[in-house]
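Worksheet: the structure to be examined is printed underneath.
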Amino acid sequence: MNLAKRGLSALFSLTLAVAFLAGGLSSDAQAYKRQSTVTGADGKTATREVNANRTATGYERSSSTTGPGGKSASSESSGNYDKATNTWTKDKSVTGPGGKTKSWQKSTTVTK
């Protein structure tokens, strides 16, 4: 994936997370789904599907990308905010075209 596509994907993810955290989505709009296909100059295509859902304490998100030759990569993530401890926790798992998976968790505590 080229730098421009990665930048747009990161920007979209950040925008979606901010909308969820800020309550910018109405109670009627708790799910999001997008599917897009990109065709390169050589006629090769890549398809990306993103699904996101707002939860009571955060979000859940999954995405998959299938490129030329049927090679695919996917990711699953979720974020939860614990009001009692003022802690935001994000879990993420990424699987590459070769089937290798990497997972991690990140926690941030807000202090005043």
Side-chain angles (χ1 to χ4, degrees):
M1 186 183 303
N2 70 29
L3 186 58
K5 288 180 189 172
R6 275 194 247 166
L8 286 174
S9 179
L11 179 60
F12 170 77
S13 298
L14 179 61
T15 303
L16 184 61
V18 168
F20 280 138
L21 290 175
L25 298 178
S26 72
S27 60
D28 294 336
Q30 295 184 12
Y32 175 85
K33 183 174 184 175
R34 175 184 69 183
Q35 185 173 17
S36 56
T37 300
V38 177
T39 303
D42 58 358
K44 293 181 179 178
T45 62
T47 302
R48 181 169 173 89
E49 184 171 316
V50 177
N51 293 292
N53 293 297
R54 184 177 184 175
T55 65
T57 59
Y59 74 94
E60 295 173 343
R61 181 179 188 275
S62 65
S63 70
S64 63
T65 304
T66 304
K71 292 184 179 180
S72 63
S74 62
S75 70
E76 302 280 335
S77 63
S78 63
N80 292 292
Y81 181 71
D82 183 344
K83 288 182 181 181
T85 62
N86 289 330
T87 301
W88 174 256
T89 303
K90 178 180 180 179
D91 294 296
K92 186 155 188 176
S93 177
V94 178
T95 303
K100 288 187 177 180
T101 299
K102 179 171 177 143
S103 299
W104 63 94
Q105 183 180 68
K106 181 178 177 181
S107 293
T108 303
T109 301
V110 179
T111 58
K112 295 180 182 180

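The side-chain hydrogen bond (donor to acceptor under 3.5 Å, both in side chains) check on Gln35 picks up nothing, with sequence neighbours excluded. Taking Ser74 as the reference, nothing meets the side-chain hydrogen bond (donor to acceptor under 3.5 Å, both in side chains) condition, with sequence neighbours excluded. Among residues two or more places apart in sequence or in another chain, the side chain to side chain contact (heavy atoms under 4.5 Å, CB included) test is passed with Thr66 by Ser72. Residues satisfying the side chain to side chain contact (heavy atoms under 4.5 Å, CB included) criterion with Glu76, sequence neighbours excluded, are Ser62. Scanning for side chain to side chain contact (heavy atoms under 4.5 Å, CB included) contacts around Thr37 gives Thr45, Thr47, with sequence neighbours left out. With sequence neighbours excluded, the residues forming a side-chain hydrogen bond (donor to acceptor under 3.5 Å, both in side chains) with Thr109 are Thr87, listed by chain and number. For Ser78, there are no side-chain hydrogen bond (donor to acceptor under 3.5 Å, both in side chains) partners two or more places apart in sequence or in a different chain. Applying the side chain to side chain contact (heavy atoms under 4.5 Å, CB included) test to Pro97 and every residue at least two apart in sequence or in another chain returns Lys71, Ala73.
Side-chain contact between Asn51 and Arg61 is absent, with no heavy atoms from C-beta onward closer than 4.5 Å. By the 4.5 Å heavy-atom criterion applied to side chains, Thr111 and Asn86 are not counted as neighbours. With contacts defined as side-chain heavy-atom distances shorter than 4.5 Å, the pair Ser64/Arg48 does not qualify. Counting only heavy atoms from C-beta outward, the side chains of Gln105 and Thr89 approach each other to under 4.5 Å. Arg54 has its side chain out of reach of Glu60: every pair of non-hydrogen atoms, C-beta onward, lies at least 4.5 Å apart.
Remark: Asp82 CG to Trp88 CH2 distance equals 11.5 Å, nearest 0.5 Å. Interatomic distance, CG of Asp91 versus OG of Ser107, reported as 7.5 Å (0.5 Å rounding).
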Working note: Val94 + Trp104, criterion side chain to side chain contact (heavy atoms under 4.5 Å, CB included); need CA distance, chi angles, decisive distance, verdict.
CA-CA 9 Å; Val94 178; Trp104 63 94; 3.7 Å; yes
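The side chain to side chain donor-acceptor pair (under 3.5 Å) pairs that include a residue from residues 92-102 are Ser93-Ser103, Thr95-Thr101, where partners are two or more places apart or lie in different chains.
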